[in-house]
Amino acid sequence: MAASAIFLLLCISVGSFLVYKIHASRKTTRRPPGPAGIPLLGNILDIRGAELHHALANLARQHGPIMSLKLGTSNAIVVSSAASANDALHRYDHILVGRAINDAGRVLGNDELSMLWLPSTSPLFKRLRAVCNNHLFSARGLGSTRPLREGKIREMVDCFRTRFAGQAVDVGSVVLSGLLNMMSNVLFSEDVTDLGVDQAQELQMMINDTINEITKPNVSDLFPVLAPLDLQGRRRNNEVYLKKIYDYMDRVISRRQSAGGEKKADFLDVLLQLHAEEQFSFESINAFLMDLFVAGTATTAITVQWTLAELLRHPEIMSKVRAELQEVLGEKEHPDESDVDKLPYLRTVAMEIMRLHPPSPLMMPHVAMAEGAEVGGYPVPKGTKVIINVWAVMRDPASWEKPDEFVPERFQGKGLDFRGGDTVFLPFGAGRRLCPGLPMAAKSVMMILASLLHEFEWSLPDGMQPCDVDLREKFTTSINMVTPIKAVPRPICH
């Protein structure tokens with residue numbers, strides 16, 4: 001096995017060098033500037049040694065906001081400015097509709113079922129988006145699940161009060177558990193976690209495992225000719241993890257079906273009706289439910305965690321948030337969603353958090369499905385990957401004053417929203433790949449923040465000062481904290 005792999009690598013090296021020389025001699029396509037690559041590896045060594053979004057941003061400072069990279073045998077263009085992001089996400093999004101599917105994502109036919117991998121022109125993708133927009137995230141759908149979502153957030157708050165009051169707690173862990181229960185009840189009317197257990201639980205662990213596997217570097221993605229060997233075992237591992245998730249969802253569906261046709265008026269009932277009408281297979285329902293869990297829980301929990309970390313580092317901003325909450329809510333015990341629109345300063349805080357610490361720092365790479373697209377004036381050949389460094393776009397000095405500082409006031413009077421219409425601010429993406437769960441995610445972030453900040457005084461553990469809060473980032477599909485924030489909640493009586 002090892003000898004075969006070495007032989008293949010040597011063949012690829014020679015072949016890549018010859019292809020490189022041929023293409024260099026033709027000079028038929030004007031490529032964006034970028035670092036010089038080396039045969040076989042291309043620019044892989046240029047992005048080592050740092051978190052990926054940082055490494056790409058550092059290269060963009062040297063080579064420009066539209067940059068060419070060679071990653072193994074594939075060509076990529078990296079976008080790091082609002083203007084070039086507008087080309088990719090709005091002007092030419094009808095061409096850049098493909099997804100770069102990694103090898104671990106192809107197991108169990110997931111690449112043909114999941115919204116994560118399907119091109120936006122796919123009939124199944126359009127059908128899934130329509131179901132989201134019409135049933136789950138429409139004004140009517142959000143209105144029908146509002147009492148449930150508010151109730152689950154209050155359960156989360158009660159957990160902080162009854163189990164963790166006065167002691168340091170991993171805030172993100174409790175919030176994530178609460179969000180998993182909120183999403184599971186919206187989707188199929190069941191709890192999936194115990195809020196009081198300070199460790200990952202079954203569904204959370206399975207989701208974490210599959211996310212980690214598809215985000216790890218994989219030689220099969222850099223050199224597809226090696227994919228059949230699965231040298232690092234990414235595909236084998238992810239097949240195990242994904243099968244566990246699908247088995248879990250199968251059990252949920254079986255419980256519903258064995259209930260003798262009892263209706264819960266939840267999203268699973270909608271999906272089962274569509275299955276009865278032969279619009280969705282059980283396999284696509286499983287993949288759909290997994291996508292909704294992944295998109296609707298971890299990123300929201302991470303945003304809450306980053307918000308509390310920044311507010312504890314900036315006590316003066318925390319005081320302004322609390323003053324607004326007191327003015328709007330007064331002696332009201334629990335905020336509800338009708339209060340959220342009356343909290344403009346808290347909204348600017350949430351927007352500034354998503355600018356500094358975006359839920360997805362790098363968008364999943366788009367792929368040009370045809371010729372004709374241009375980004376920043378450079379043609380994008382068919383098959384080229386387009387990577388949008390959202391983190392760099394939202395810290396671009398050309399668009400933002402003091403881009404690395406936490407200044408919520410910068411959003412006051414700007415007219416920006418979460419929908420990415422103006423690509424200087426696109427925490428949820430933009431265009432055809434705009435996150436479908438944005439309406440629920442935005443409401444959930446605001447409701448959780450309003451609840452936690454209205455009902456508790458938050459402080460750092462003994463011995464810690466604001467400057468001790470660790471803001472170092474760890475990249476996966478989201479920006480996690482290297483050191484998850486631990487804080488002490490002290491209940492406030494209203």
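Model, not experiment: these values are computed from the prediction.
- Note: W458 and F160 meet the aromatic proximity criterion, with ring centroids under 6.0 Å apart.
- Checking side-chain atoms of S114 against main-chain N and O of L116 turns up a donor-acceptor pair under 3.5 Å.
- The OG1 atom of T299 sits 8.5 Å away from the CE atom of M354 when rounded to the nearest 0.5 Å.
- Note that CG of L69 and NE2 of H63 are 8.5 Å apart. Values are rounded to the nearest 0.5 Å.
- A distance-only check finds a donor-acceptor pair linking the side chain of S444 to the backbone of M440 [under 3.5 Å].
- Proximity of a side-chain donor or acceptor of N185 to a complementary backbone N or O of E190 within less than 3.5 Å is detected.
- The main-chain N or O of G141 is found under 3.5 Å from a side-chain atom of T145 such that the two form a donor-acceptor pair.
- The backbone N or O of H454 sits nowhere less than 3.5 Å from a side-chain atom of R322 that would complete a donor-acceptor pair.
- Crowding of R127 atom CZ: a count of heavy atoms from other residues, nucleotides or ligands under 6.0 Å exceeding 12.
- Taking OG1 of T307 as the start and CD1 of I317 as the end, the distance is 11.5 Å to the nearest 0.5 Å.
- H53 and F475 have tilted rings, their planes meeting at an angle from 30° to 60° on a 0 to 90° scale.
- Side chain of T348 to backbone of Y345: a donor-acceptor contact under 3.5 angstrom is found.
- Other residues, nucleotides and ligands contribute at most 12 non-hydrogen atoms within 6.0 Å of the CG atom of D462.
- Using modelled atom types, one finds no donor on one side chain facing an acceptor on the other under 3.5 Å when comparing N86 with Y92.
- With respect to the salt-bridge test (charged N to carboxylate O, under 4.0 angstrom), the residues E150 and R146 qualify.
- Screening P359, P361, P358 for a side-chain contact (heavy atoms from CB on, under 4.5 Å) with V390, the sole residue that qualifies is P358.
- Without hydrogens or angle criteria, D266 side chain to D269 main chain gives a donor-acceptor distance under 3.5 Å.
- Among all heavy-atom pairs drawn from V393 and S80, the shortest one is CG2-C, 3.6 Å.
- A salt bridge is absent between R163 and D158; no separation between the charged side-chain nitrogens and carboxylate oxygens falls under 4.0 Å.
- The pair D470-R472 counts as a salt bridge, with a side-chain nitrogen and a carboxylate oxygen less than 4.0 angstrom apart.
- Side chain of E352 to backbone of V407: a donor-acceptor contact under 3.5 angstrom is found.
- Exactly one of M156, M182, K443 qualifies for a side-chain contact (heavy atoms from CB on, under 4.5 Å) with I448. That residue is M156.
- A salt bridge does not link R313 to D468: none of the charged side-chain nitrogens sits closer than 4.0 Å to a carboxylate oxygen.
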* **Residue pair F137, F267: steps toward the ring-ring contact (aromatic ring centres under 6.0 Å, His included) verdict** => CA-CA 11 Å; F137 304 126; F267 193 59; 7.9 Å; no
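- Checked for salt-bridge contact, D93 and R433 miss the test: no charged N lies under 4.0 Å from a carboxylate O.
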* So H54 and W391, ring-ring contact (aromatic ring centres under 6.0 Å, His included) or not? Walk me through it. -> CA-CA 8 Å; H54 291 172; W391 185 89; 4.7 Å; yes
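- Between F425 and W400, the angle of the ring planes goes over 60°, which puts this pair in the perpendicular group of the 30/60° scheme.
- In this structure, the side chain of N181 engages the main chain of V192 through a donor-acceptor pair within 3.5 Å.
- Ion pairing between E401 and R410 fails under the 4.0 Å rule for side-chain N and carboxylate O.
- The aromatic rings of F406 and H314 sit tilted relative to each other, their planes meeting at an angle between 30° and 60°.
- More than 12 heavy atoms of other residues, nucleotides or ligands shown are found within 6.0 angstrom of CD on E337.
- Shown here is K216, whose NZ atom has more than 12 heavy atoms of other residues, nucleotides or ligands within 6.0 Å.
- By the 6.0 Å contact criterion, CD on E409 is enclosed, its count of non-hydrogen atoms from other residues, nucleotides or ligands being greater than 12.
- With rounding to the nearest 0.5 Å, the separation of CD1 in I485 from CG in L460 is 5.5 Å.
- Panel note: side chain N238, backbone E213; no donor-acceptor pair is recorded below 3.5 Å.
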